[in-house]
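Order of listing sets the numbers, starting from 1, for every ligand and every atom in it. FYI, the numbering just counts along the sequence from 1.
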Amino acid sequence: MRFEFSTAGRIIFGPGVAEQAPDLVAGCGRHAFLILGGTPDRFRRLLDPLAARGIACESLQVPGEPTTDMAQEAVTLARRAQTQVVLAIGGGSVLDVGKVVAAMLTNGGALTDYLEVVGKGRPLQNLPAPCLAVPTTAGTGAEVTYNAVLGVPDQQVKVSIRSAMMVPQWAIVDPLLTHSMPPELTASTGLDALTQLIEAFVSNKANPLTDGLCREGLPRAGRSLRRAFEDGRDAGAREDMSLASLFSGMALANAKLGAVHGFAGPLGGMTEAPHGVICGKLLPYVMQANVQALQDRAPGSPSLSRFDEIGRILTGRGKAGAAEAVAWIEDLCAVLGLPGLRRYGLSENDFPAVAAKARNASSMKGNPIELNDDELVAILRQAID
Ligand code: NAD
């Protein structure tokens, strides 16, 4: 057995820990670049102490999922401001822009030099500037992953800039920051974390460390996503979901993902559907297709027993298996009111193009078995309504 494992330089977790951010920023320099979401006033109590410590701050808002143009603009502003340290407080969209800015501050040239698929894909040469990633959703786990996802609207795709060096130096995970998420956002982001835990657990690149993270994260998401959706002030449920998200990011960064995320790149580029909705809507059907394909073409695969284990973890029933896991997730999506992908403009005519793009997506490489075009299209047909 051989594996590598890398994560953020330091992870600070717990209710209230975000209050440490100003001091940590101050320890890195006098010029900070702040990246914030659509309602930055929510985090005033974290930002005001920066000025009190004499730190010059430039800031930028990232209100939704970022494009390459938005990220390039952020890089230009941050370079002009002679930034020494990046503080990103927000959802995965904000954290990803923060990671890009930190990387581009110490690596010359344009963003397109480093982008996968649509750019030159050059490797980063230098360690990024110090970056503090403070998630406010739960989530993407982007505070501990080494890629940043950016949309390319004119090509209708989402692509990554990726480097092992891009994991933020600090991941500051404070569940209190997630209490303000409305139910719909709690649902979609929580399903992203659940999907990441499941895909990393059955991935053909899983290792004992990522397994441990998934076995710890899955029961937390299983018992608490619905509770957080129904009562956003349930501190225990919010804490569980923040941990599930963190563990999902640590696991996916080291074990890769699977077909759900293979689809999420093209579908996120072609439709306005939020990333978490795409993940949740596809998850049960991808699981079902994977189990069937493994039973038919690779019955000895160790991933099959993983699917059964997921059934036991999520249902809490000792005799449950993969079928019960799929049913449990379908029920959860119904309770969370997840819409079909047609709502976001997907039509049957798009299926061949989506399947072709998904087949070539980098996330597909972690799927426990290769799915053929018929299987991929059948998944889309189930998730559209
Ligand atoms: P998001 O960051 O796009 O935020 C969605 C909305 O929620 C925004 O309007 C934001 O302002 C709002 N919001 C954020 N926190 C809030 C809070 N506490 N209360 C109320 N509103 C809040 O959503 P996300 O799901 O966290 O991130 C999605 C993005 O992350 C996608 O672009 C996806 O591709 C990317 N992603 C990246 C990775 C990675 O490893 N880099 C992993 C998964 C997803």
Next item on the list: Kindly confirm or rule out an N or O of Asp192 lying under 3.5 angstrom from an N or O of ligand 1.
Entry: no

Margin query: Could you check whether atom CD of Glu272 has more than 12 heavy atoms from other residues, nucleotides or ligands sitting under 6.0 Å from it?
Written below: no

Checklist line | Shortest non-hydrogen contact from Asn147 toward Asp96 | finding: O-OD1, 3.6 Å

Next item on the list: Please report which non-hydrogen protein atom sits nearest to atom 19 (N) of ligand 1, along with the residue it belongs to and the distance in Å to one decimal place.
Entry: Ser180 OG, 2.9 Å

Next item on the list: With heavy atoms of Lys99 as the reference, note each atom of ligand 1 found under 4.0 Å away.
Entry: 41 (N)

Item checked: Any donor-acceptor N/O pair, Asn126 side chain to Asn107 backbone, under 3.5 Å -> no

Next item on the list: Output the list of atoms in ligand 1 that are nearer than 4.0 Å to some heavy atom of Glu65, sorted by atom number.
Entry: 3 (O), 31 (C), 32 (O)

Next item on the list: Locate the shortest heavy-atom distance separating Ala255 from Ala206; write the atom from each residue and the value.
Entry: CB-CA, 3.8 Å

Checklist line | Verdict with reasoning, Phe351 to Leu346, per side-chain contact (heavy atoms from CB on, under 4.5 Å) | finding: CA-CA 8 Å; Phe351 288 178; Leu346 186 71; 4.0 Å; yes

Margin query: Between ligand 1 and Val149, is the shortest N or O to N or O distance under 3.5 Å?
Written below: no

Margin query: Can you check atom 4 (O) of ligand 1: any protein non-hydrogen atom closer than 4.0 Å?
Written below: no

Check: Any side-chain donor-acceptor pair under 3.5 Å between Asn207 and Asn254?
Finding: no

Check: Just by distance, with hydrogens left out, do Glu199 and His261 show a side-chain donor and acceptor under 3.5 Å apart?
Finding: yes

Next item on the list: State whether the shortest distance between N or O atoms of Thr178 and N or O atoms of ligand 1 falls below 3.5 angstrom.
Entry: no

Checklist line | Lys158 N/O under 3.5 Å from ligand 1 N/O | finding: yes

Next item on the list: Under 4.0 Å, heavy atoms only, figure out whether ligand 1 is touched by the backbone of Pro63, its side chain, both or neither.
Entry: backbone

Margin query: One residue to check: Met181. Relative to ligand 1, which of side chain, backbone, both or neither has a non-hydrogen atom less than 4.0 Å away?
Written below: both

Next item on the list: Considering non-hydrogen atoms only, spot the tightest contact between Ile379 and Tyr285 and give its length.
Entry: CG1-O, 3.9 Å

Check: Do any nitrogen or oxygen atoms of Thr140 come within less than 3.5 Å of a nitrogen or oxygen of ligand 1?
Finding: no

Note to self: What I want to know is whether Thr145 and ligand 1 share at least one N or O pair that is separated by under 3.5 angstrom.
What the structure shows: yes

Notebook entry, point to check: Can you list the atoms of ligand 1 that are under 4.0 Å from a heavy atom of Gly91?
Noted result: 2 (O), 26 (O)

Next item on the list: Record the part of Leu185 in heavy-atom contact with ligand 1 below 4.0 Å; permitted values are side chain, backbone, both and neither.
Entry: side chain

Next item on the list: Applying side-chain contact (heavy atoms from CB on, under 4.5 Å), run through Glu370 and Arg297 and close with a yes or a no.
Entry: CA-CA 10 Å; Glu370 194 173 332; Arg297 304 198 285 277; 5.8 Å; no

Item checked: atom 25 (O) of ligand 1 - nearest protein heavy atom and its distance -> Thr189 CG2, 3.4 Å

Next item on the list: Among all protein heavy atoms, pick the one closest to atom 37 (C) of ligand 1 and tell me residue, atom and distance.
Entry: Asp96 OD2, 3.2 Å

Notebook entry, point to check: Against heavy atoms of Gln196, which atoms of ligand 1 measure under 4.0 Å?
Noted result: 42 (C), 43 (C)

Check: Take atom CD in Glu330; do more than 12 heavy atoms of anything else shown fall under 6.0 Å from it?
Finding: yes

Check: Counting each atom of ligand 1 from 1 as listed, which ones have a heavy atom of Gly38 under 4.0 Å away?
Finding: 11 (O)

Next item on the list: Could you tell me which atoms of ligand 1, counted from 1 in the order shown, lie closer than 4.0 angstrom to a heavy atom of Leu177?
Entry: 18 (N)

Check: Can you tell me which residue and heavy atom of the protein come closest to atom 1 (P) of ligand 1, and the distance to 0.1 Å?
Finding: Ser93 OG, 3.4 Å

Note to self: Please determine whether a side-chain nitrogen of the Lys or Arg among Glu19 and Arg45 lies less than 4.0 Å from a carboxylate oxygen of the Asp or Glu.
What the structure shows: yes

Margin query: Out of all atoms in ligand 1, which are within 4.0 Å of some heavy atom of Ala142? Include the element for each.
Written below: 39 (C), 41 (N)

Notebook entry, point to check: So which heavy atom in the protein is nearest atom 20 (C) of ligand 1, and how far is it from that ligand atom?
Noted result: Arg42 NH1, 3.3 Å

Next item on the list: Measure Thr136 to ligand 1 on non-hydrogen atoms and call it side chain, backbone, both or neither using the 4.0 Å cut-off.
Entry: both

Check: Can you find a side-chain donor-acceptor pair between Lys205 and Thr210 that sits under 3.5 Å?
Finding: no

Next item on the list: Spell out, as yes or no, whether a donor-acceptor pair under 3.5 Å connects the side chain of Arg238 to the backbone of Gly232.
Entry: yes

Next item on the list: Note the single closest protein heavy atom to atom 23 (O) of ligand 1, along with its residue, its atom name and the distance in Å.
Entry: Gly92 N, 4.3 Å

